[in-house]
Amino acid sequence: MAANRPSLNPSAPPDDDPDVLPKAAFRSRSSSSRHRAERIPSSSSNSAVAFERSTSKPVASYGSKRSDSEKLGSQREINDDDARFVYVNDPERTNQPIKFADNSIRTTKYSVLTFLPRNLFEQFHRVAYVYFLILAGLNQVPQLGVLTPAASILPLAFVLGVSAVKDGYEDWRRHRSDRDENNRTAQVLAPGGEFRPKRWKDILVGEVVKVTADETLPCDMVLLATSDPTGVAYVQTINLDGESNLKTRYAKQETQSTPPESNAGLIRCEKPNRNIYGFLASADVPGEKRVSLGPSNIILRGCELKNTRWVVGVAVYTGQDTKVMLNSSGAPSKRSRLEAHMNREVILLAVALVALCVIVTVLAGVWLANHHDELNDLPYYRKEDYSKRETDTYNYYGVGWETVFSFFKSVILFQVMIPIALYISMELVRLGQAFFMIKDKNMFDEASKTSFQCRALNINEDLGQIKYVFSDKTGTLTENKMEFRCASVGGVDYSAASDGEEDGHSITVDGETWRPKMSVKTDPELMNAVMGGEGIEKANRSRDFFLALATCNTIVPILVDTPEPSLKLIDYQGESPDEQALVYAAAAYGFVLMQRTSGHILIDVLGERQRYDVLGLHEFDSDRKRMSVIVGSPDGTVKLFVKGADNSMFGVIQKNLDLDIVHATKTNLHSYSSLGLRTLVVGMRELSEHEFKKWQSAYENATTALIGRGKLLKTIASNAERDLRILGASGIEDKLQQGVPEAIESMRQAGIKVWVLTGDKQETAISIGYSCKLLTSEMTQVVINSNSRESCKRKLQDAASMSSRLAGAGSAKSPLALIIDGTSLVYILETELEEELFEVATTCDVVLCCRVAPLQKAGIVALIKNRTDDMTLAIGDGANDVSMIQMADVGIGISGQEGRQAVMASDFAMGQFRFLVPLLLVHGHWNYQRMAYMILYNFYRNAVFVFILFWYVFYTEYSLISAVSEWSSVLYSVIYTALPTIIVGILDKDLSRKTLLKYPQLYRAGQRDERYNLKLFIFTMMDCIWQSIAIFYIPYLAYRHSDVDVSGLGDLWILAVVILVNIHLAMDVFRWNWITHASIWGCIAATVICVIIIDSIWMLPGYWAIFTMMGTGLFWLCLLDIIVAGMVPRFATKALTEYFWPSDVQIARELEKFQNLNASTISEIPLSTFFSHP
Amino acid sequence: MNSSSGSAAGPSSGSGDESAPRRNSKRPKYSKFTQQELPACKPILTPKWVISVFTLVGVIFVPIGIAALMASNSVVEIVDRYDTECIPANMIADKVAYIQNDTINKICTRNLTVPKDMDQPIYVYYQLDNFYQNHRRYVKSRNDAQLKDADKANKTSGCDPEKTTKDGSPIVPCGLIAWSLFNDTYNFTLGNQNLSVNKNGISWKSDRDHKFGKDVYPKNFQNGTLRGGANLDPNKSLNEQENLIVWMRTAALPTFRKLYGKIHQDLKANDTIMVTLENNYNTYSFNGKKKLVLSTSSWLGGKNDFLGIAYVTIGGLCFFLATAFTVVYLVKPRKLGDPSYLSWNRNPLGH
């Protein structure tokens, strides 16, 4: 089953398939057919192979959906209806009757015209904003007009405006970069037959474009010709998929030799789609038969041309139709758990709001009913208007209607109960937090020079609540830098390489010294064997072994200049780090791969240059799990070299030959994989003339077959790869990344369960588990590797009973580790056994899943995510991790060796696994703590204000007026109190980084929802009601029988509430730096200034009220009394809980503050000045 | 295929992405700010602090409270409710009919005894009860532009339902507030000597100077079907009509006082003041009380014990809390910052 697990992408990293060797083969095409000696005529067939190959794997999709073209693959020709017709070098005809998109790109969301409507439309996706809009609309109804129109719309306009400015700025930057990009120039074939510069945006489909080395490709083009006579071109796709190695692309032989200006013909290609690894087209070249084109014949926009002097191609997809543009999608949008919880409390607040409004409405109704007859006699109501000819009622619609209006008016008046500024504050706070995460020098990877990336901006706080970490192995726990460690040649184990010398083996070419870029330590014994020191038999076998390593791959050697003119470095470029390691190893033992062209390989064998003709190449596929190459040796023999995974290789090894060697190799392999090495088995066979002829004709038939080409080729490969003679096996070490064991230990202490999901073999997985301290010797291992549902079930039941037995054993319980493999998971995931697995797995301390397919990874994440509330985090680096990264609550991509697919799908990206520790334990903790506090505080702050308004309603005959001037009320939540909470939300730290790292257990506060839960919410709300009572009733009682006017008292209330909520915030601030000071005190000062300004406008009834108030002692005494009376309960409760029921965070804070004192002085804390301890 | 957008996500744009690696590869500059290590003070509520804070608050609050109580006690206040007493016995059953009947003489005499010496200035207030000057309909019924600017006499928006006369000419000052202007009058005599009441300077100077125009004269005021209250002298500009200015500072609460005038003469204890008042204002239709108040003032304003009591109470509470915390800290001390209290260090069985 694991055999046909869907791999994500042709570049599926080997980490999950140590046995999968040359994933490079997927794309770097076999070139045997182009071998000149053979002259297999139709190279087109070859490209179809490649296409079939890549389509057999769902390329860019992690799910099971595939596009039609992918499903059907080469089995069909493109239908004319579905095709795009491109007439080469004839853009006019190509763009008739429908003009294709031009080559200008637009990544901006808005234009000047659409900005306002579109941005508003997007912002109003937020229900809260719709609510505020509706209320602002209701307020415009004359009967309901509580606020003046301008004031009613101001808060909403303000928050929308801030967001719009932010969005607009981001879009403007995109706009600028688009413009730069569109105005770049490229060489386009002009009617005169020469290439002239043309701006990128003007390039049309059908035009012939010439690109020279190191230039970026302006559009997706089908290659027509390249500077290389065989039609090879190398491109770097780092901008497209982030992979930095070179990929080979081919021009068709049919067009390669045609001069550019006489190119003509018709290309029929698929409609634009986003599959960057698939392309399906056919070309009618005049004078030749129809040739088919595949993904290796197209070069894509955004790639760079490397190691090729020039290429000529015809534009087939331009502008928005290019694959890079079709693939540009933003970061995934997730909602944080805190925000989900917050929405629950927002609903509670809405209920509270409705309750307040109902109370007011009922009371207003009762009052109206009681005073129904005397309304006209009340000088302050006077319902009749005598100014008309006939006496009319003014703004009075009967008791029923007035009561209904009361309800709406109260909703409008109390609307800020739903904190309008909270959403924008959260956005800004997350932006600030992201800034600090990005700038953190502890998360900067020196090796790859990458800093932390925040791709998703709305789940920062989730990082503080993670309970499960699902980690990929290769490239995540390990460096994915393969090092050749051990070899077993002819059954003899040569693993002393670590003691051996680092051999900078170099060769001399035309007076220059060429040296492999990386040197590999060699085993002296093996070296001796190669040199022939241990007999001819051993020498031959070991030479063949290294020859196989040097030939059977898809590595391209590239010469790199060094400062020394006579020294050149050979850089082996390839898509598989395993292959690179093998080739470097071969070079160290004297088999230096010097050149690889489409037709031959040049190898320096122990100082003697040898040329091997590549006659055929069977690419790797996941059914066979091996690759092979057929070469013509200089001595005239034809050899087949095969390398592959052990289990697939032992099936095709000649059974009755070298039995002892096979046995010894198996033993060696077992010991290698227990060391955590990735193993490969190498074999070979000499083909007789007859066999080769037979193979060749079958191969030719297959490559020209129109239907089922891929299957045929597979069969041919399987037929050829049999009766092999075993040469040996290799062990490649994938080094653990720096700090991984420590990071895992920290996370374990933090209460985070780390699960490792890998494609490796069980033994390798277990040994890696040991080396990264995930597994320890005192752990009881439960291994589930079954081949049937029944045995899976049985084993699960055993495991369950074992775990319950261990749990029953009490404190002496030894930790449990579950090791399960992909085959068993097939029988478990998505069946009724899933529940049992969940039960067992959650009781285990460690879970190791080996041999899992990408989709199974997602399935395991879902296993936890769907059954618990616990937060999950997935971390991985390869395309095969994409599904699990997207499935988990938080997805983290390692921007490492394997391209950027994982990074592109992730929410956060970083360079090293160990950065998880500062990310979760430090930033996650902070972010959670800050955001939780900010949300609670926002609720509190707005509710206090609403309650003050509410109390006042009782003293105004429920006529819903606020004493606070309406400008102050609308500015309250957006200006008077907004900034300090944002600043505190960005900057405050409850504990220092050092403490958080020293006590990882502190992380559990987030897992326990310690800082935001219903209890805290209710507590805050009760506090808020008390504070509102203090703020309202102290002035009320003090001014009860005085001549104070509405505005004066209103000013006192607004100042009191602003000062009180800021002091409340100040009391909860953990760390006061100058910014915090400035924002909190500055905000109070700003409020005073605002109130003064408002009271300096003579048009408003409150003119000069604040000055009059401030001139009296009563005002100041009230203010002081309010602040103290409001804060006393909170202060006392805080002091009490912090002292008697201290949270871990609290104790750690004390530790942080006093431990120096403890250490240095009298070993007593300052408390001792008050009390002595028992 | 479309579903796979996320997984195959390419860079958003070529050039945009070119800058990305450059940006990423830039080593973050180390600064105290970017590393979130700005020097900061980290206060902790140690017992010392808690007790000090409570003690300090107590120490500050109790004296302030006592001073406030003393100030309040030093204020001499005469409050006389006259709304019922000033109705002839035969009309007591129908107070509204009495007050609305213009033909009845509304003169009423009250004798007030000064309980303690009162030093000048003595403030004369009228106090209305159950009068919601803060009612939405009432508060909004005014036009400030009209009050300030003679040219804007026609601006009566917001003044409903007292905007214009029947023939459509604007009322100045318009609106319910001005319309319901208080119109009881008081005359004081001490023995046989008239106590003069100074009605100048009872309003805010800022109102006189900037809010009420000096060239704005009342027009069509109290000409309507229903008379709300006092009439205004059409020959006096609004900024001189201080009773209107005071009235138009709408009160915050339903029981309020408004300054009527000031008596610049000391009164001795047991002096009897005779008040001759015209009981014109209709509070009977809404059961409002009317009171005449004579009061001296202190640094804290009028007579009000509340604030003093509040301060003493809070101060006392803080002293109590300080003591309580001291006791509790003594009884159940906890060593601050002791790692053994950390949840993972505590014995899971104990505690």
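Chain identifiers are assigned alphabetically (A, B, ...) following the order of the sequence lines, protein sequences preceding nucleic acid strands; residue numbering begins at 1 within each chain.
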Is [X] close to chain B through its backbone or its side chain, or both, or neither, when contacts mean heavy atoms under 4.5 Å?
| X | result |
| --- | --- |
| A/Lys441 | both |
| A/Thr1108 | side chain |
| A/Ile1075 | side chain |
| A/Ala1132 | both |
| A/Glu384 | backbone |
| A/Lys383 | both |
| A/Phe1070 | backbone |
| A/Leu1037 | both |
| A/Phe435 | side chain |

Between the side chains of [X] and [Y], is a donor N or O closer than 3.5 angstrom to an acceptor N or O?
| X | Y | value |
| --- | --- | --- |
| B/Tyr138 | B/Ser180 | yes |
| B/Asn134 | A/Tyr952 | yes |
| B/Ser343 | A/Asp1144 | yes |
| B/Thr255 | B/Asp129 | yes |

### Query
Is B/Tyr30 close to B/Glu37 at the side-chain level, that is, under 4.5 Å between some pair of heavy atoms?
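In short, these two side chains touch, coming nearer than 4.5 Å.
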
### Contact origin within B/Asp338 toward chain A - heavy atom pairs under 4.5 Å
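It is the backbone, since no side chain atom gets that close.
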
### Message
For a quick test of reading the model, state the closest non-hydrogen atom pair linking A/Leu1114 to A/Ala1038 and the distance between them.
### Response
CD2-O, 4.1 Å

### Message
Consider side chain to side chain contact (heavy atoms under 4.5 Å, CB included). Of B/Thr313, B/Ile64, B/Leu307, which one does A/Asp1121 pass it with?
### Response
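The single option meeting the side chain to side chain contact (heavy atoms under 4.5 Å, CB included) with A/Asp1121 is B/Leu307.
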
Option in [options] with maximal non-hydrogen atom pairs under 4.5 Å from chain B:
| options | answer |
| --- | --- |
| A/Gly1048, A/Ala963, A/Cys1118, A/Ala1135 | A/Ala1135 |
| A/His371, A/Glu374, A/Arg1040 | A/Arg1040 |
| A/Thr1112, A/Val1069, A/Leu960 | A/Leu960 |
| A/Phe1140, A/Tyr955, A/Tyr1039, A/Tyr1103 | A/Tyr1103 |
| A/Gly1050, A/Ala1148, A/Ala1105 | A/Ala1105 |
| A/Leu1049, A/Leu378, A/Val1128, A/Val146 | A/Val146 |

### Query
Is the charged tip of B/Arg334 near the ring of A/Tyr1139: under 6.0 Å from the six-membered ring centre and within 45° of its axis?
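Satisfied, under 6.0 Å and within 45°.
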
### Query
Cation-pi between B/Lys148 and A/Trp1098: NZ/CZ under 6.0 Å from ring centre and within 45° of the ring axis?
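Yes, B/Lys148 lies over the aromatic ring of A/Trp1098.
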
### Message
Could you check whether any side-chain N or O of A/Arg382 sits under 3.5 Å from a backbone N or O of A/Asn376, counting only pairs where one atom can act as donor and the other as acceptor?
### Response
no

### Query
Any idea which of B/Ser285, B/Gly168, B/Ala40 has the most non-hydrogen atom pairs under 4.5 angstrom with chain A?
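Most heavy-atom pairs under 4.5 Å with chain A: B/Ala40.
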
